[in-house]
Number of protein chains: 2
Amino acid sequence: MKPVAPSEVEQRLERLRLACRNTGMRMTHQRLEIFREVAQSNEHPDAETIFKRVREKMPTISHDTVYRTLASLEEMGLVDRVETMAGRARYDANPDCHHHFVCTRCGSIADFYLDQAPSLPEGIENLGSAESLHVQVRGICHNCKNN
Amino acid sequence: MKPVAPSEVEQRLERLRLACRNTGMRMTHQRLEIFREVAQSNEHPDAETIFKRVREKMPTISHDTVYRTLASLEEMGLVDRVETMAGRARYDANPDCHHHFVCTRCGSIADFYLDQAPSLPEGIENLGSAESLHVQVRGICHNCKNN
DNA sequence: TCTCTAGATAGGAATTGTTCTTATATAGGA
DNA sequence: TCCTATATAAGAACAATTCCTATCTAGAGA
């Protein structure tokens with residue numbers, strides 16, 4: 001999987017700086033490094049993976065900080081949490097509208113884009129007010145199929 | 001939310017009996033009662049809820065049996081596990097192709113049906129071989145909106 | 001630049017959801 | 001009815017996440 005382009009990473013980091021300024025949330029080293037890990041990865045890392053990577057640079061980082069920060073970033077709309085069937089939540093800093101292909105064998109997640117949003121049925125507003133739509137395709141990824 | 005029609009519940013139980021006969025899996029009281037709880041509910045109960053309800057009839061039922069049985073039923077294709085953002089897995093015995101509206105406030109889940117499956121983009125087969133497609137609409141349900 | 005303080009962190013304990021272990025029980029075929 | 005592979009109960013263990021609290025610090029204001 002090709003890495004996120006450096007210019008794109010920089011744009012994402014800029015969004016973090018802006019969001020901190022706008023919401024009054026402090027821009028700590030921890031937040032910067034945690035967000036950077038998500039922003040520069042296409043592989044939708046889980047909290048433990050992020051924890052391990054950040055710890056290379058900041059050996060005293062705690063699990064709590066990683067979880068708390070990811071929750072804040074999610075609340076600010078800077079990252080999305082992706083739920084799969086595999087127990088651990090995965091994180092995603094791609095701000096464009098997209099969907100996920102989830103490999104049910106290895107758990108890898110890949111983004112894809114829909115040309116047009118699926119048309120929801122008439123009665124959907126009887127259920128509540130929709131805020132977001134998530135399409136998840138599950139199957140076996142090529143890497144697993146070839147092994 | 002209206003309950004599942006008794007005739008539909010009976011059909012679902014019949015599918016369980018058939019599946020047990022076909023796969024050689026034993027038809028125990030515990031399995032029957034656990035499946036019945038999922039089959040007769042529209043509310044996509046989680047394992048703990050199922051555990052509590054079954055315990056009314058079978059006071060010695062264990063958590064392990066509930067989890068193990070739900071996993072077996074899922075493997076046999078008799079129930080689906082629904083992942084939401086809320087930590088606990090939810091279960092569903094509706095065998096028809098359907099999708100979910102998830103309330104992000106109270107966690108309630110409602111089924112809806114799509115007239116036609118969303119058309120996946122050209123390149124999707126480059127990611128892997130798709131096996132199932134899940135559309136989840138998130139928002140605030142009417143019950144929450146009015147409180 | 002220095003000070004101050006509300007908000008953030010580290011470290012470990014606690015909690016929650018789920019799975020494992022093992023002794024006992026039972027479904028269903030012979 | 002008997003036999004045995006399979007399933008269960010009970011509680012321990014595990015894994016992911018959150019809580020607790022003493023300490024620290026970003027960033028506003030002097």
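Throughout, a chain's letter reflects where its sequence line sits, starting with A, and its residues are numbered from 1.
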Exercise. Quick one: B:Asp64 CG to D:dT6 P, roughly how many Å, whole number?
Worked result: 17 Å

For this session: Verify the contact: side-chain N or O of A:Gln30 to OP1 or OP2 of D:dT25, cut-off strictly under 4.0 Å; return yes or no.
Result: no

Exercise. When only distance counts, do a donor and an acceptor, one from the side chain of A:Arg31 and one from the base of C:dA8, lie under 3.5 Å apart?
Worked result: no

For this session: Starting from P on D:dA7, measure out to CD on B:Glu33 and report it in whole angstrom.
Result: 18 Å

Exercise. Hey, which of these two, A:Ala71 or B:Gly24, hits DNA chain D nearer its 5' end, going by closest nucleotide?
Worked result: B:Gly24

For this session: Report the distance from atom CG of A:Leu32 to atom C1' of D:dT25, rounded to the nearest whole Å.
Result: 16 Å

Exercise. When the distance from CD1 of A:Ile61 to P of C:dA8 is rounded to whole Å, what number comes out?
Worked result: 14 Å

Exercise. When you check the phosphate oxygens OP1 and OP2 of C:dA10, does a side-chain N or O of A:Thr65 lie under 4.0 Å from one of them?
Worked result: yes

Problem set entry | side-chain N/O B:Thr28 vs D:dT8 OP1/OP2, d < 4.0 Å | yes

Problem set entry | salt_bridge(B:Arg53, B:Glu43) N-O dist < 4.0 Å | yes

Problem set entry | Value in whole Å for how far the P atom of C:dA8 lies from CG of A:Leu70 | 15 Å

Exercise. For A:Lys57 and C:dT9, what is the distance between atoms NZ and C1' respectively, to the nearest whole Å?
Worked result: 18 Å

Exercise. Would you say the side chains of A:His63 and A:Thr65 form a donor-acceptor pair under 3.5 Å?
Worked result: no

Seminar exercise, completed: Comparing nearest nucleotides in DNA chain C, the 5'-proximal residue of the pair B:Tyr67, B:His29 is B:Tyr67

Side chains of residues 71-85 of chain B: which donor-acceptor partners sit under 3.5 Å, not counting sequence neighbours?
unit_1: B:Ser72; atom_1: OG; unit_2: B:Arg68; atom_2: O; d: 3.0
unit_1: B:Glu74; atom_1: OE1; unit_2: B:Arg81; atom_2: NE; d: 3.3
unit_1: B:Arg81; atom_1: NH1; unit_2: B:Glu83; atom_2: OE2; d: 3.4
unit_1: B:Thr84; atom_1: OG1; unit_2: B:Ala86; atom_2: N; d: 3.2

For this session: Indicate, with a heavy-atom threshold strictly under 4.0 Å, whether A:Asp46 touches base, sugar-phosphate, or nothing.
Result: nothing

For this session: Could you state the atom-to-atom distance from CD1 of A:Ile34 to P of C:dA8 in whole Å?
Result: 13 Å

Problem set entry | A:Met58 CE to C:dT9 C1', straight-line distance once rounded to whole Å | 9 Å

Problem set entry | Residue whose closest nucleotide on DNA chain C lies nearer the 5' end, B:Met27 versus B:His63 | B:His63

For this session: Report yes if at least one side-chain N or O of A:Thr60 is closer than 4.0 Å to OP1 or OP2 of C:dA10; otherwise report no.
Result: yes

Problem set entry | Pair of N/O donor and acceptor under 3.5 Å linking C:dA8 base with A:Arg68 side chain | no

For this session: Please state whether the rings of A:His99 and A:Phe112 are parallel, tilted or perpendicular, taking 30° and 60° as the class boundaries.
Result: tilted

Problem set entry | Short N-O contact, A:Glu10 and A:Arg17, less than 4.0 angstrom | yes

For this session: Check whether any side-chain nitrogen or oxygen of B:Arg88 sits under 4.0 Å from OP1 or OP2 of C:dG17, and answer yes or no.
Result: yes

For this session: Could you check which of C:dG11, C:dA27, D:dA10 has an atom nearest any side-chain atom of B:Arg26?
Result: C:dA27

